[in-house]
Amino acid sequence: MAHYYITTPIYYVNDAPHVGHAYCTVNADAMARWHRLLGDDTKFLTGTDEHGQKVADAALKNGVSPREWTDRTSRRFREAWDALDISYDDFIRTTEPRHYETVQKFLTAVYENGYIYKDVYQGLYCVSCEDYYTRESSDDGRCPIHGRVLSEMQEENWFFRLSAFAEPLERYYAEHPGFVTPETKRNEALSFIRGGLRDISITRTSISWGVPVPWDDQHVFYVWYDALINYLTAIGYGREDDRTGEWWPTSHHLVGKEILRFHCVWWPAMCMAAGLEPVSHVQVHGWLLVGGQKLSKTMAAEGAVKLTDIAPVTLTDEFGVDAIRYYLLRETSLGNDGDFSHEGITARYNTDLANNLGNLVARVSTIVASKCAGRGPAPEPTSELRVAAEAAVAGAREAWNRFAPQHALEATWGLIGATNAYLESTAPWKMEPGDALEAVMGNALEAIRLVSLLATPAIPRVCATIWSRIGLDGAPGDEVFDTAAQWGRYRAVHEIHKGEPLFPRIKVSDE
RNA sequence: GGCGGCGUAGCUAAGGUGGUUAGAGCACACGGCUCAUAAUCGUGGUGUCGCGGGUUCGACUCCCGCCGCCGCUACCA
């Protein structure tokens with residue numbers, strides 16, 4: 001059985017979960033669901049990053065221990081993912097013992113391979129920020145936030161010999177053309193590598209909220225350095241339950257463009273240094289941007305103006321989980337930035353979900369109820385709809401496989417359109433009950449069955465509802481895709497339940 | 001400053017080792033249908049493919065310049 005391992009970044013607990021996090025997580029979730037549908041042994045990992053000075057500070061400010069603070073803030077992410085039907089298999093927290101163990105094993109390997117050494121870090125330090133700035137990022141020697149003069153500070157740190165990996169990284173990129181997608185992001189990473197790599201300091205003595213350095217108990221690892229290793233923690237690297245051989249290196253990291261460098265440069269170099277093959281694929285996505293569009297009343301009432309101010313649950317409350325998932329997956333092509341707007345969600349909802357999908361299910365249900373005694377008839381072995389269905393199956397399969405939810409959904413909606421057109425041309429509402437009518441309705445029901453199968457990775461909840469409304473047992477994912485996707489599996493035994501509209505139209509008032 | 005990207009119909013945008021009428025969706029208009037959530041089906045675009053040059057038999061697609069917007073430029077989750 002094929003293995004499929006996909007990860008999101010672990011989100012920093014000091015952030016509140018927002019639409020940007022949801023965008024990435026929903027995309028990863030859809031891919032995980034797609035691979036489960038294919039019958040792959042799938043592991044979908046997400047989690048929270050909980051170390052670092054800022055977390056310790058926030059805990060202090062709130063009068064609780066870092067542990068309590070992260071328990072509280074990490075939980076918010078799980079709640080957001082519950083609201084979005086995120087089917088993660090594992091939720092990792094960097095403060096878990098298993099993570100400490102893996103990080104220490106991993107970095108000990110790097111250390112023993114000679115890629116970690118001690119040196120003095122010199123930098124411009126802002127006392128107020130408790131943070132370092134580079135010459136370039138400082139405001140002419142002053143802190144860009146506080147405006148005070150930065151002081152020259154020194155700290156003895158352990159360094160990672162990143163500079164040793166410029167050439168190995170270039171070779172790795174050359175030998176693995178699909179390592180980073182899309183290609184523009186791959187080029188960005190490569191040009192960074194070609195621009196020369198400097199060693200990086202990976203430990204801190206000034207703080208204690210981190211993973212201790214096993215060979216030097218005065219130090220803890222710098223957050224980014226322990227965070228990346230979470231992908232290995234989840235598969236047991238360096239521990240008794242080590243299953244790295246099963247899940248690695250054929251794995252997929254879905255990451256936002258802002259953390260490209262860490263995942264496409266640091267991380268593969270770290271793996272090489274530890275004697276491990278780097279991850280096989282990093283899929284970089286762009287950002288959703290909020291234009292000047294009007295926000296909904298709910299959103300406006302919460303003072304939302306930036307994407308990062310919009311809580312996912314605000315959206316699922318207003319539109320429903322399937323609508324939001326659909327919008328996030330359908331509206332933009334992964335890898336490019338996209339627009340996020342209330343109007344956009346409403347438009348997608350009304351046109352694609354209410355008018356096309358919801359209404360199709362409703363009209364078919366009604367006709368079957370009145371003319372087929374409420375029992376769905378069997379499809380014909382051949383039909384013009386079968387041609388459209390097979391095209392949709394092929395298109396969706398191909399798109400899901402290349403990490404293109406937008407196109408998978410486009411292909412799926414092609415079948416919805418073809419089915420609506422098929423009904424127009426056959427006009428079953430004018431036909432007398434009988435074989436001809438039954439054939440038409442059977443074909444339409446079969447198309448609906450296939451639509452709910454193809455759309456399941458994106459909108460699992462409503463697909464399961466449709467599945468049961470057309471009288472099928474279980475859920476769309478119960479049968480392996482290659483079998484389920486074949487035309488003609490709908491049988492003339494199913495009772496149809498009309499039910500309430502799946503997506504009641506949203507009235508748009510012009511203001 | 002350096003590197004890179006973007007600019008295509010009212011809106012969102014696809015595409016292309018240069019080559020028949022530049023493909024879509026939304027919105028809009030007209031027509032059909034009335035099973036359906038005022039849904040659906042059909043038809044409808046004289047779009048300077050940012051501006052100006054160049055290469056070419058031919059460029060939206062290649063080259064140069066310009067304008068506008070945006071990223072990255074290392075230890076900031």
Side-chain angles (χ1 to χ4, degrees), chain A residues 9-15 20-21 48-55 121 123 129 131-134 136-137 144-145 157 159-160 162 184-185 187-192 194-204 222-225 227 256-262 265-266 286-287 289 291 293 330-333 336-339 341 343-344 346-348 350-371 406-407 410 413-414 416-431 440-441 444 498 500-508:
Chain A
I10 46 176
Y11 303 113
Y12 200 56
V13 282
N14 271 14
D15 289 336
H21 299 117
T48 44
D49 183 13
E50 310 190 354
H51 288 307
Q53 185 65 48
K54 287 179 184 167
V55 173
Y121 181 84
C129 297
D131 211 349
Y132 287 95
Y133 287 90
T134 59
E136 304 86 62
S137 63
I145 295 166
N157 283 159
F159 280 73
F160 172 58
L162 182 63
T184 53
K185 302 301 181 196
N187 292 340
E188 229 173 86
L190 257 177
S191 76
F192 182 81
R194 287 175 180 151
L197 298 177
R198 297 209 293 264
D199 292 348
I200 46 186
S201 127
I202 62 169
T203 67
R204 294 293 126 99
Y222 168 62
V223 274
W224 256 111
Y225 234 66
K257 64 180 184 180
E258 75 282 6
I259 51 178
L260 178 147
R261 186 167 56 246
F262 303 111
V265 182
W266 290 17
W287 287 349
L289 305 170
Q293 295 89 344
R330 175 62 235 264
E331 190 69 7
T332 63
S333 66
N336 289 28
D337 290 349
D339 277 317
S341 72
E343 288 85 344
T346 306
R348 283 291 173 199
N350 277 340
T351 59
D352 294 4
L353 297 176
N355 296 351
N356 296 342
L357 175 58
N359 183 58
L360 172 64
V361 173
R363 68 197 300 212
V364 168
S365 303
T366 300
I367 300 170
V368 172
S370 66
K371 299 212 175 195
Q406 181 192 34
H407 292 114
E410 213 174 347
W413 256 251
I416 294 172
T419 308
N420 274 321
Y422 174 75
L423 291 175
E424 290 302 322
S425 67
T426 52
W429 48 88
K430 288 183 180 167
M431 299 167 76
V440 167
M441 298 320 293
K498 168 122 200 235
E500 292 300 303
L502 295 167
F503 297 100
R505 275 181 65 84
I506 298 169
K507 298 271 188 291
V508 182

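Order of the sequence lines fixes the chain letters, A, B, ..., with proteins taken first and strands second; residue numbering starts at 1 for each chain.
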Under 4.0 angstrom, heavy atoms only, what part of the nucleic acid is A/I259 near: base, sugar-phosphate, or nothing? nothing
With a 4.0 Å limit, can you tell me whether A/K430 has a side-chain N or O closer than that to the phosphate oxygens OP1/OP2 of B/G32? no
For A/T366, report the nucleic acid contact type (base, sugar-phosphate, nothing); a contact means any heavy atom under 4.0 Å. sugar-phosphate
Which listed nucleotide (B/C75, B/G32, B/C3) is nearest to the side chain of A/Y222? B/C75
Any base atoms under 4.0 Å from A/G20, or only sugar-phosphate, or nothing? Heavy atoms, all strands. nothing
Pairing partner (Watson-Crick or G-U wobble, both distances under 3.5 angstrom) of B/C30: B/G42
Is there a donor-acceptor contact under 3.5 Å from the side chain of A/N350 to the main chain of A/R505? no
A/L502 CG to B/A39 P, straight-line distance once rounded to whole Å: 16 Å
Given B/A36, B/C75, B/U37, identify the nucleotide with an atom nearest to the side chain of A/E424. B/A36
Base, sugar-phosphate or nothing for A/A227? Non-hydrogen atoms, less than 4.0 Å. base
Phosphate OP1/OP2 of B/U73 contacted by A/R261 side-chain N/O (<4.0 Å): yes
In whole Å, what separates the C1' atom of B/A13 from that of B/G23? 11 Å
Under a 3.5 Å limit for both distances, which nucleotide forms a Watson-Crick or G-U wobble pair with B/G65, could you say? B/C51
What does A/Y225 touch in the nucleic acid at a heavy-atom separation under 4.0 angstrom: a base, only the sugar-phosphate, or nothing? nothing
With a 4.0 Å cut-off on heavy atoms, is A/L423 in touch with a base, just the backbone sugar-phosphate, or nothing at all? nothing
Applying the 3.5 Å cut-off to both distances, the Watson-Crick or G-U partner of B/C35 turns out to be none
Does A/N420 place a side-chain N or O at less than 4.0 Å from the phosphate oxygens OP1/OP2 of B/A39? no
If you look at every strand shown and take non-hydrogen atoms under 4.0 Å, does A/K498 touch a base, only sugar-phosphate, or nothing? sugar-phosphate
According to the interplanar angle, ranging from 0 to 90°, do the rings of A/W266 and A/Y225 count as parallel (below 30°), tilted (30 to 60°) or perpendicular (above 60°)? tilted
Minimum-distance nucleotide (side-chain atoms of A/P501 versus B/A36, B/A74, B/U37): B/U37
To the nearest Å, how far apart are A/I367 CD1 and B/U37 P? 11 Å
Please list each protein N or O that sits under 3.5 Å from an N or O in nucleotides 27-29 of chain B, with the distance.
none

For atom CG of A/D49 and atom P of B/C76, their distance in whole Å: 13 Å
Output yes when a side-chain donor or acceptor of A/N356 lies under 3.5 Å from a complementary backbone atom of A/I416, and no otherwise. no
Spacing of A/E424 atom CD and A/T419 atom OG1 [to the nearest 0.5 Å]: 12.0 Å
Partner nucleotide of B/A13 by Watson-Crick or wobble geometry (both distances under 3.5 Å): none
Grab the N/O contacts between the protein and nucleotides 8-12 of chain B below 3.5 Å, and write none if there aren't any.
unit_1: B/U12; atom_1: O3'; unit_2: A/D339; atom_2: OD2; d: 3.4

So what does A/A421 touch, heavy atoms closer than 4.0 Å: a base, only the sugar-phosphate, or nothing? sugar-phosphate
Between B/A36, B/A74, B/C76, which nucleotide has the shortest distance from any of its atoms to the side chain of A/A362? B/A36
Length of the line joining A/W413:CH2 and B/U40:P, which is rounded to integer Å: 14 Å
Pairwise 5' ranking along RNA chain B for A/A418 and A/R330, keeping only the more 5' one: A/R330
What's the closest nucleotide to the side chain of A/S333 if the choices are B/C41, B/A14, B/U40? B/A14
Using a 4.0 Å heavy-atom cut-off, does A/L260 contact any base of the nucleic acid, only the sugar-phosphate backbone, or nothing at all? nothing
Has A/D199 got a side-chain atom pairing as donor or acceptor with A/L162's backbone, closer than 3.5 angstrom? yes
Taking pairing as Watson-Crick or G-U wobble with both contacts under 3.5 Å, can you name the mate of B/C72, or confirm there isn't one? B/G2
Scan A/D352 against the nucleic acid and name what it touches under 4.0 Å (heavy atoms): base, sugar-phosphate only, or nothing. nothing
Could you report the tightest heavy-atom contact between A/T203 and A/N157, atom names first, then the distance? O-ND2, 3.1 Å
With RNA chain B as reference, determine whether A/G417 or A/S191 sits nearer its 5' end, using the nearest nucleotide of each. A/S191
Please state whether the phosphate of B/A39, meaning OP1 or OP2, lies under 4.0 angstrom from any side-chain nitrogen or oxygen of A/R505. yes
Rounded to whole Å, how long is the line connecting atom CZ of A/R348 with atom C1' of B/G25? 7 Å
Scanning both residues in full, the closest heavy-atom pair of A/L423 with A/W429 reads O-CH2, 3.4 Å
